Amino acid sequence: MPGKKNKKTKKSKGIRIGIWLLVLTSLLFSAFVYVMFLRPATKFKGEQVIIFVPKSKATKQYVRDQIKNQVQTVSYNTFLGLAEWSGYWKKIKSGRYVIEKNSSIFTVFRKLYGGRQDPVSITINKFRTNNDVAKYVAQKLEFTETEMKRFINNSDSLNSLGLTKETFMTVIIPNTYEIYWDSSPRDFMERMLKESNKFWNDSRIDKAKQLELSKEEVITIASIVEEETNDNTEKPLIASVYVNRLKKEMPLGADPTIKFALGNFMLKRITLAHIRGSSSSPYNTYSRKGLPPGPICTPSIASIDAVLKGEATSYLYFCAKADFSGSHSFASTAEEHFANARKYRKALDSLGIH
């Protein structure tokens, strides 16, 4: 039956052609999807790209310019299409977006559309003044140094957080934090408060109560200890001197507070002239009893815990050793201390340090 064979052959051939057309269409569609959505989008192959969208510039034109500068033309056009289709231009989210190497434009779009920004790593070390904190943080986040200083110097802003200009640094616990780039000064401070509350666990709070000290007072003492030594093994002993002096209602007589009062942190030797010159300052712990109104730096966790350790000693004095090793000689009586101090002064004189 030749006719039936021809029909079967034609039908079979038609099926094969149909399959090939389907495969070809699928391949073409896959290639289209890859080119338009999935292939690496950035111009700078192999490099990480960061797209910043400030709150003040979260506009269609600004975002378009940022994307155009960073991605291939085809990918840029795809982004525009996705943005129009999704209504993204009406709900642009500010932030810092890290685009990893070989990311597709669809990945880029999803990050920006969802506001999936990448946090900034901020490492808080020792800062001596509120302005030092403001300057450092402003280099990392969107707000300016001026904006941060304005927040710090605004009593209403700080009071609403239970702080003052003097106690501002009591909640800045040195550590590394992940913070969103478009955070405001208030956002930053609320985060620091949250971290401070987390730091002050039940154990630390109980230790402070045993010493009859508030959290702020512990931080203030720790800041003086921090400025006195880098030797963590000596910190509990130095802390004990200041706690003992507080209990006896003696002036703390802490040299670092004189440097803070004068705003001169390079002083190597505190003289009577320096003490007299800062006598009106509430941070002068020679002329005034009790603690200064706030910390003189952001103390390390080691210094804070050194205070909380509550080292039991009879020491009321300490003095740097004459060998300039960085260690200290501790004393329970004024006579012992004066003997130690004479040795140290003699060593300073021999080097011409005034």
Side-chain angles (χ1 to χ4, degrees), residues 124 126-136 148-174 185 189 192-193 196 200 208 211-229 235 238-300 303-304 306-308 315-319 337:
I124 303 291
K126 183 170 78 174
F127 296 108
R128 288 193 170 100
T129 67
N130 293 357
N131 287 343
D132 290 340
V133 177
K135 183 177 182 179
Y136 173 75
M148 187 64 188
K149 286 181 178 178
R150 190 182 300 133
F151 184 88
I152 293 171
N153 292 315
N154 186 314
S155 296
D156 292 336
S157 298
L158 290 179
N159 290 345
S160 67
L161 298 173
L163 299 170
T164 65
K165 284 190 289 185
E166 289 75 26
T167 62
F168 167 80
M169 289 198 296
T170 61
V171 298
I172 310 293
I173 307 297
M189 284 310 303
M192 291 298 98
L193 273 169
S196 176
W200 283 100
L211 292 169
E212 298 181 346
L213 296 170
S214 67
K215 293 186 291 186
E216 292 76 17
E217 288 171 333
V218 169
I219 296 289
T220 299
I221 296 171
S223 72
I224 299 173
V225 173
E226 181 73 22
E227 290 285 72
E228 292 283 15
T229 184
K235 285 179 179 180
I238 292 175
S240 76
V241 170
Y242 290 126
V243 172
N244 290 342
R245 280 178 162 256
L246 277 176
K247 289 179 179 178
K248 289 182 176 292
E249 297 186 352
M250 296 172 62
L252 297 187
D255 286 359
T257 64
I258 303 302
K259 295 180 183 181
F260 186 89
L262 294 171
N264 186 347
F265 303 103
M266 301 306 292
L267 289 173
K268 293 182 179 179
R269 185 175 187 175
I270 300 300
T271 65
L272 190 58
H274 294 131
I275 294 171
R276 286 174 176 167
S278 59
S279 61
S280 63
S281 171
Y283 288 89
N284 185 318
T285 57
Y286 279 88
S287 60
R288 296 167 185 258
K289 292 181 180 179
L291 289 171
I296 59 172
C297 72
T298 50
S300 64
S303 293
I304 299 170
V307 177
L308 292 173
Y315 297 143
L316 292 172
Y317 309 90
F318 67 93
C319 176
H337 175 64

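Worth saying up front: this structure is predicted, and the values here are computed from it rather than measured.
For residues 148-164, the set of pairs meeting the salt bridge (charged side-chain N to carboxylate O under 4.0 Å, His left out) definition, not counting sequence neighbours, comprises E145-K149. Applying the side chain to side chain donor-acceptor pair (under 3.5 Å) test to residues at least two apart or on different chains, the pairs with a partner in residues 243-253 are N244-T313.
A heavy-atom distance below 4.5 Å is found between the side chains of I224 and I296. For the pair E226 and I238, the minimum side-chain heavy-atom distance is 4.5 Å or more.
In this structure Y242 satisfies the ring-ring contact (aromatic ring centres under 6.0 Å, His included) test together with F318, sequence neighbours excluded. Residues satisfying the side chain to side chain donor-acceptor pair (under 3.5 Å) criterion with D132, sequence neighbours excluded, are T129. Under the side chain to side chain donor-acceptor pair (under 3.5 Å) criterion, S196 pairs with no residue, sequence neighbours left out. By the salt bridge (Lys or Arg N to Asp or Glu O under 4.0 Å) test, K215 pairs with no residue at all, sequence neighbours left out. Residues passing the side chain to side chain contact (heavy atoms under 4.5 Å, CB included) test with P251 are K289, sequence neighbours excluded. In this structure, Y286 has no ring-ring contact (aromatic ring centres under 6.0 Å, His included) partners at least two apart in sequence or on a different chain. Taking K126 as the reference, E227 meet the side chain to side chain donor-acceptor pair (under 3.5 Å) condition, with sequence neighbours excluded. Applying the side chain to side chain contact (heavy atoms under 4.5 Å, CB included) criterion to T167, with sequence neighbours excluded, gives L163, T164, T170. Shown here are the ring-ring contact (aromatic ring centres under 6.0 Å, His included) partners of F151, two or more places apart in sequence or in another chain: there are none. The side chain to side chain donor-acceptor pair (under 3.5 Å) check on T220 picks up nothing, with sequence neighbours excluded.
L262 contributes atom CG, which lies 6.5 Å from atom NE2 of H274 (distance to the nearest 0.5 angstrom).
Using a distance-only test at 3.5 Å, with no hydrogens or angles considered, no donor-acceptor pair links the side chain of T298 to the main chain of M169.
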